[in-house]
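Reading through the structure tokens given below for one structure.
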Amino acid sequence: MAYTAEAPAIAAGDDPMVPRIGRVRRRVRELSDVWTLTVEMEDGRPLAFAPGQFNMLTAFGVGEAAISISGDRDRADSGLIHTIRAVGPVSGALTRLGPGDVIGVRGPFGVGWPVDAAKGSDVVIVAGGLGLAPLRPLIYAVLASRKDYGRFALLFGARTPADILFRREIEQWRRRLDVEIQVTVDTSGEDWYGNVGVVTALVPQASFDPQNTIAYVCGPEVMMRFGAAALRDAGVPDTAMYLSMERNMKCGVGLCGHCQLGTAFVCRDGPVFRNDVLRPLMAVKEL
Amino acid sequence: MEGLERIVREHPFFSGMKEEFTNLLSGCAKNVRFEAGQYIFHEGDPADQFYLVRSGRVALQISAPARSLSIQTVGESEIVGASWLVPPYRWGMDAKALELTRAIAMDAACLRGKCEDDHALGYELMKRFMPILIQRLQAARLQILDVYGVHS
Ligand SMILES: Cc1cc2nc3c(=O)[nH]c(=O)nc-3n(C[C@H](O)[C@H](O)[C@H](O)COP(=O)(O)OP(=O)(O)OC[C@H]3O[C@@H](n4cnc5c(N)ncnc54)[C@H](O)[C@@H]3O)c2cc1C
Ligand code: FES
């Protein structure tokens, strides 16, 4: 079902259903409703992960939510990083945790982005909104061994200029001569001189060889569907596109069935799926 | 004139079009430039030209009280303006150059006349406009969906 990707599992001896205890070390406001938390594990053991994997985070007394890891896997020992948008009770409570507060962590779970699959190929990343957060570990990994890849394009869409996630970091990446970074917003006022329009419109303008490209797409589901269609129109086959899916989660380990997508479980077989595998699953609308 | 014919022929919008047609169309073309911040047209004005952008960037905007909302930017190799195609030939938005922009302006009345005289030319032109209009309609639909918002 899933393709092969590096996917560290929970450390031997740990019960995947029992949260490990962490403490928030840092809380940074990214956008009006988005915060990044840096968490240190109470037992001092860093949590190894692969780009695209997620954890189940507990705000004690409120509940648990699936949140992707948005940090650098090569710097896992300097803290576990999650970027969270406050949309409801659990995510709201998580984003209110401040330095010293206790947080529960189960994971890492799921199959992430295949980082090595793109070695020797061009890399195109299409990100929308908060979808940039699960892609950031992949971006770090590609930039860390930049010479192993061909051309690298990051195409990012946000709602307005005020919703551009990781803006300072994007500006830093943009200064490099070996990456193509395009940012667009759905709408803007007069204070924005960049692109306006949907992120899919950036695909035809990016320079990559569609026959030798691996594309990674993450964002709201509709945006990913149109993003994948734009990549397909540009000549990238479904077998070279990876999308990260979101479904309601409970156990995170393939036991409860909450995250079912067709015949797959997003927590165990995903969240990252190759598009040729994903499309038939998405065709079963009622699941 | 030969310069303008070549520029028209080489603009991606006309790519693959018969030289006979691009030569005819060049008769309606002229080179224009807009400084950063300059308006190319305003909503409600007569749509008497359309523009093939050669370099620079243009924002398509809708004015709302006390502010202007950009809904699309158009850059090199793209086109600005479709209202010249259909009555009442008036612009539905503002277009403003965000940076120094060089373009070819095509005179709308001249183009419409040539298309009426030669339907094959008109059809060729429509085949180039329609995909762009459909793409922009699709993009507008996605923007209306507000996919990045939080939905209950
Ligand atoms: C694999 C995976 C990875 C995820 N990674 C992240 C991440 O890195 N950062 C992050 O902030 N969230 C992430 N999510 C989403 C996150 O799990 C949910 O936002 C969270 O569970 C919501 O719980 P809640 O109790 O706060 O809100 P709920 O009460 O469950 O929902 C409140 C309202 O928000 C809406 N809503 C719920 N989820 C979303 C969403 N993702 N986007 C927009 N609206 C939503 C609901 O429809 C509802 O109206 C991920 C989900 C999955 C499955
Ligand atoms: S969350 Fe329980 S099976 Fe996926």
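Because the structure is predicted, anything quoted here is derived from the model rather than measured. Lettering of chains follows the sequences in order, A, B, ..., and the numbering in each one begins at 1.
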- Message: Show, in sequence, the C-alpha distance, side-chain angles and deciding distance for L142(B) and M223(A), and conclude whether the side-chain contact (heavy atoms from CB on, under 4.5 Å) test is met.
- Response: CA-CA 8 Å; L142(B) 268 180; M223(A) 171 250 137; 5.9 Å; no
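For T200(A), the part lying near chain B is the side chain, with the backbone staying farther off; criterion is any non-hydrogen pair under 4.5 Å. Looking at Q135(B), neither its backbone nor its side chain comes within 4.5 Å of chain A, counting heavy atoms on both sides. Residue E221(A) does not touch chain B at all, counting heavy-atom pairs closer than 4.5 Å. Of the atoms belonging to Q138(B), it is side-chain heavy atoms, and not backbone ones, that fall under 4.5 Å from chain A.
Separation of atoms CG (D191(A)) and OG (S70(B)) is listed at 9.5 Å; rounding is to 0.5 Å. The distance from atom OG of S188(A) to atom CZ of R67(B), rounded to the nearest 0.5 Å, is 10.5 Å. Y193(A) OH to R57(B) CZ: the interatomic distance, rounded to the nearest 0.5 Å, is 11.0 Å. One finds the OG1 atom of T187(A) at 10.0 Å from the CG atom of D146(B) (value rounded to the nearest 0.5 Å). Here CD of Q72(B) is found 9.0 Å from OG1 of T184(A). Values are rounded to the nearest 0.5 Å.
Between the E190(A) side chain and the S68(B) main chain, no donor and acceptor come within less than 3.5 Å of each other.
More than 12 heavy atoms of other residues, nucleotides or ligands sit less than 6.0 Å from atom CG of D178(A). Within 6.0 Å of NE2 on H258(A) lie no more than 12 heavy atoms contributed by other residues, nucleotides or ligands. Within a 6.0 Å sphere centred on CE of M126(B), heavy atoms belonging to other residues, nucleotides or ligands number more than 12.
Your options are G219(A), G131(A), P220(A), and the one with the most heavy-atom pairs under 4.5 Å with chain B is P220(A). Contact tally against chain B (heavy-atom pairs below 4.5 Å) for G189(A), A158(A), G88(A): the top residue is A158(A).
Side-chain contact between Y148(B) and D163(A) is absent, with no heavy atoms from C-beta onward closer than 4.5 Å.
D186(A) and Q143(B) make their closest contact through O-NE2, 2.7 Å (heavy atoms, listed as atom of the first residue, atom of the second, distance).
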